[in-house]
Amino acid sequence: MLAMYWQSSPISKSQYDVYSGALGEINNTNIELEQLHQEEATLQQLATYSALVAGSSTPITAGLLELSEKCHDKVKKQEERIKVLQETIDKSFNLDDGPCIKSLQSCLHSLGVCRQRYYGGIFVGNHVHTILKVFLHYYMEMSINLFALHM
């Protein structure tokens, strides 16, 4: 993403500082997030085992489930933090301001395609199928017209 922006226009030191700072925080948060996911899975396994062995109404099982829920809340907070940091990066570079991006967004919007933020704005799954259907329809229409002209 940064390389594409760099080619189109120079960036200021403040923009680079914002980008590198946010990227560092995202990387650190992703590491913490992975650890939280592992901790949450372990707590859920322990709670399940405790419920099977001692029963679901024991204080140990209840405590493990409570810890698992707290861990899950931390996971949600970290995921939200990553989302905010990504938005900070996007805002600092104004990536959506170019004429090509605006026309692409307009075209995609008219086709009912929404780029997904969590995949970096790339086309995935149903979006690819929607775009390909439009292009296939256009290609077939052009082929028929060309065939009709040559007859």
In this structure, CG of Leu52 is separated from OG1 of Thr48 (nearest 0.5 Å) by 7.0 Å
Taken to the nearest 0.5 Å, the spacing of His37 NE2 from His72 NE2 works out to 9.0 Å
Tabulate below the donor-acceptor pairs under 3.5 Å that side-chain atoms of residues 57-69 make, not counting sequence neighbours, or state none.
residue : atom : partner : partner atom : Å
Thr58   : OG1  : Gly55   : O            : 3.3
Thr58   : OG1  : Thr61   : N            : 3.3
Thr58   : OG1  : Thr61   : OG1          : 2.8
Thr61   : OG1  : Ser50   : OG           : 2.6
Thr61   : OG1  : Gly55   : O            : 3.2

Output for pair (Cys71 SG, Leu43 CG), nearest 0.5 Å, gives 6.0 Å
Between Ile82 and the options Glu79, Gln78, Gln86, the side-chain contact (heavy atoms from CB on, under 4.5 Å) test singles out Gln86
Rounded to the nearest 0.5 Å, the CG atom of Leu85 sits from the CG atom of Asn30 at a distance of 10.0 Å
* Do the charged groups of Glu25 and Arg81 touch, with an N to O distance under 4.0 Å? -> yes
Taken to the nearest 0.5 Å, the spacing of Glu32 CD from Gln35 CD works out to 7.0 Å
For a side-chain contact (heavy atoms from CB on, under 4.5 Å) check, start with the C-alpha distance between Glu80 and Lys83, then their side-chain angles and the critical distance, and finish with the verdict. CA-CA 5 Å; Glu80 191 63 34; Lys83 189 176 179 182; 4.1 Å; yes
